[in-house]
Amino acid sequence: MAGFFNLPSSRATTKKDQQLLKKVTQPIQDNNIKLKGSGKLIDRIQAACSFVKSKFEGKEDSLLLIREEQSLIDYIDKAIENNRISIDTETTGLNTILDDIVGICIHTEGLKPAYIPINHVSYITNVKCNDQLPVDFIREQFQRLVDADVKTYWFNAPFDIKILGNHVGVWFTPYWDCYIAAMCLNSDEKKGEKSLKDLRNKYCNDGKGEVLTFGKLFEGIPFNLIPIDVAYLYAAHDAIYTDELADFQAQYLEPNGIYYESHNMQGVSNVFFNIEMKSMPTFIAMENLGTAIDYEHAKKIQEKYHKLTDTMQQNLDNVLEDYMGQIDEYRRSHPGCKLSDPINLGSTQQLAIVLYDILGLKSPDKEKPRGTDKEILEQLDHPLCNAISDVRKFKKVVSTYIDKMPEEASKYPDKRIHCKFNQYGAETGRVSSDSPNLQNIPSRSFKLKDGTEIDSGHDVRQLFTASPGYIMLSCDYSGQEVRVTAHLSQDEKMIQAYKDGKDVYSEIASIIFNVPYEECCEKRPDGTYSKEGKERRATAKPVVLGILYGRGIASIGEQLHKNRKEAQAIYDKVLAKFPGLAMFLEESEDMAREYGYVTTVWGRRRQLPAMQLPYYEFTYKNGMTPDFDPLSDEETNYSTEVPEEEVRRLTNRLLRCNYKERELIKEKIRQSGINIKDNTGHIAKAKREVVNSRVQGSSADLTKLAQIELFNHKELKELGFRMLIPVHDEIIAECPVENAKRCAELMSQCMINAGRDLCVPLTCDVELFYSWYGESIDVNTL
DNA sequence: CAGCTATGCGCC
DNA sequence: AAAGGGCGCATAGCTG
């Protein structure tokens, strides 16, 4: 294995290399790969091939190409014996359902990394290449790994697992995903530098070899067109990189790892193995199953919303008519201005010109003098702004949801919508979703300027429907984040409130509105529904979350329509009522400052390096200290380092003065030959992230634990229960209609059980629908 | 032409 | 002085 990395330099350092690289990275002129005459593509393939071959000359024997049955059998035997294998797939694209598998890279200790070609096609004849093992045989062999429960190592496991599942027919349960491990170990891994190669170079390369940088080589060339004898040279790396990276990570994450104890990795290891790796199959299952779409309903609302969009656009055009004179006038007097012809009010730049330069309006938001967001448009309350607001709302909902969802689903043979869940989508540990994002589907209605209410929440959500014979279940944690906060803070009053079956949002609403607790609940003590109570609670909710996420007093006041003083009083009163909460806010900050990270209930970490930065950093310009002597030979003479004492003095001076003075003092310091790096902004942001990360991260942990519980529940499985979409504190699922009652009970029970480690009770609300957010079905009527 | 950023906005 | 956190996506507009 060590010898494998003694490769010749893979960087395009020679002139010839550079020319070759340039050639192969030229854009493809003709994307129609079926066309034999697509000369450009053929040129690029040939160029890429000769480049790879020249780089690997003489090294072909360090890699194994598996084209015979016995060869694969032997390899699988060895992997079973080792109880470990790394797997990586090569495909024609990134869609695990629509694209196809091209080959598989595997590696196990004691054998060379190997490549199994499956679907390579000659780029000249467009005919499938010879000597590729049949898929049925590969399935049989890989199934042996599954049956023997061999530990499988991957990078971005869900992708490869779905590819192998959908196109080879074998479903793996992953043991180790290096990507997820990397995020658990350092959630701060820089964006865009999270690829296998990036991470492997960062942590395993120790300068012992150059980076293989021909990742771009095959960009735009479908991998199945790369000749096998070239493909295997390139492809077999990934499995071995996976191994290297996993070995590095295991030093921290495996209980017998050398850094496990010394770095207190118990919590992180728990999150990796018992939350992340265990919940991974739940995401894989949801992505592959997808969600049914109600195409009839889609057609109906498409008609309705397109028509209304046209009406709104027409209305805007009419209003605009009145101002065309002024606009044309401006065009004449400002040649070369950015107004297009015809004018595009969807452009924020052009709209700003109209509002602020032509109409002479003044932004109500001092921070955004040329802002055009909905708050500003609303406050301007100008006929043009009002018309634009209406158009925007419709365009958003039509383009992002109503037109998009059916279109997205139609791509798939099963006509269901298959999004992607990014299990570690947020640095806090939250899941995100894309292609399409199913976690931001409208849930509320919006109002038009004329007062008409458009119920986009119901209209759009009902696009998502239960499979035939099934019914949808939606179950959400009530007050998930605040309950988690009660546990994290160990605030006795909060805990007691929950133990008494009270709602903390309502408790805080009673402080804000200065009315008894009972008048701040959605339901009165007699069980009847209270509109005012619900509203008060609903007002308190963002205030509570605001406090948790470091929202400023002024901003809280704004939301409550109170002045700064009143808002401060409310803030103080809330913290006085829950002293443990106040302490939690402080202690979390201390934790971040001391360790550089904060933790969740279950041990997840989020790195916040800004918390350990000094407020200001100073360096002497040009490395010249004030006593710089150009004739001196002493090296210290060139130091850029400002003495500690001086740093302290300057920092104090900057911190103590007010905002106005600060810029002046900064300028003075600069003039004295010192550069200033101001970290106060980063630190302030990190301070706000501190508490949020703990609360949001713990909530994410809890929801993932719930998914695990639901997925592995034997009875639920037998009842045909299956999850569809997790939406942060809520899980959408479906089950056969006849099992609805039992599934609803179990669903709620599982989700509550998932939080058994918390010191507060949890409550979950289940609802049943035939379509998401459609008419609520009473279990007893089924 | 793709790929990037800025702005705005949907959700929890 | 004032500052809410976490996402993904559509559109406009710029760049290479």
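Letters A, B, ... mirror the listed sequences (proteins, then strands); counts begin at 1.
Using a 4.0 Å heavy-atom distance criterion, A/L545 is classed as a base contact. When heavy atoms are screened at a 4.0 angstrom cut-off, A/R694 is found touching no nucleic acid atom at all. Using a 4.0 Å heavy-atom cutoff across all strands shown, A/G371 reaches sugar-phosphate atoms only and no base atom.
Straight-line distance from the OH atom of A/Y571 to the P atom of C/dA3: 14 Å, rounded to whole Å. Nucleotide C/dA2 holds its C1' atom 16 Å from the CD atom of A/Q559, rounded to whole Å. Computed from coordinates, the A/Y659 OH to C/dA2 C1' distance equals 9 Å when rounded to whole Å. Look at NZ on A/K541: it is 19 Å from P on C/dG4, rounded to the nearest Å.
The cationic group of A/R604 lies under 6.0 Å from the six-membered ring centre of A/Y424 and within 45° of the ring axis, placing it in a cation-pi geometry.
Looking at heavy atoms from C-beta onward, A/N386 lies out of side-chain contact with A/E378 at the 4.5 angstrom threshold.
In the model, A/D198 has a side-chain atom that pairs as donor or acceptor with a side-chain atom of A/S195 under 3.5 Å. A donor-acceptor contact closer than 3.5 angstrom is absent between the side chains of A/Y615 and A/D678.
Between A/I556 and A/K660, the residue whose closest nucleotide on DNA chain C is further toward the 5' end is A/K660.
Counting non-hydrogen atoms of neighbouring residues, nucleotides and ligands closer than 6.0 angstrom, the NZ atom of A/K541 reaches no more than 12 such neighbours.
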>> Quick one, A/S771 with A/Q462, criterion side-chain hydrogen bond (donor to acceptor under 3.5 Å, both in side chains). Give me CA distance, side-chain angles, the key distance, then yes/no.
In response: CA-CA 5 Å; A/S771 285; A/Q462 284 173 45; 5.6 Å; no
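Tested against A/I417, the residues A/E407, A/K411, A/M405 include a single side-chain contact (heavy atoms from CB on, under 4.5 Å) partner, A/M405.
Taking the six-membered ring where the residue is Trp, A/F769 and A/Y773 present perpendicular rings, their angle passing 60° and hence far from 30°. Relative ring orientation between A/F446 and A/F394 is described as perpendicular, the plane-to-plane angle rising above 60° on a 0-90° scale split at 30° and 60°.
Interface limits on DNA chain B: the 5'-most and 3'-most nucleotides within less than 4.0 Å of chain A heavy atoms are B/dT7 to B/dC12.
Taking atom P in both B/dG8 and C/dG4, one finds a spacing of 16 Å when rounded to whole Å.
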>> Base contacts versus sugar-phosphate-only contacts with protein, heavy atoms under 4.0 Å: please encode nucleotides 6-16 of chain C as B, S and - from 5' to 3'.
In response: BSBSSSSSS--
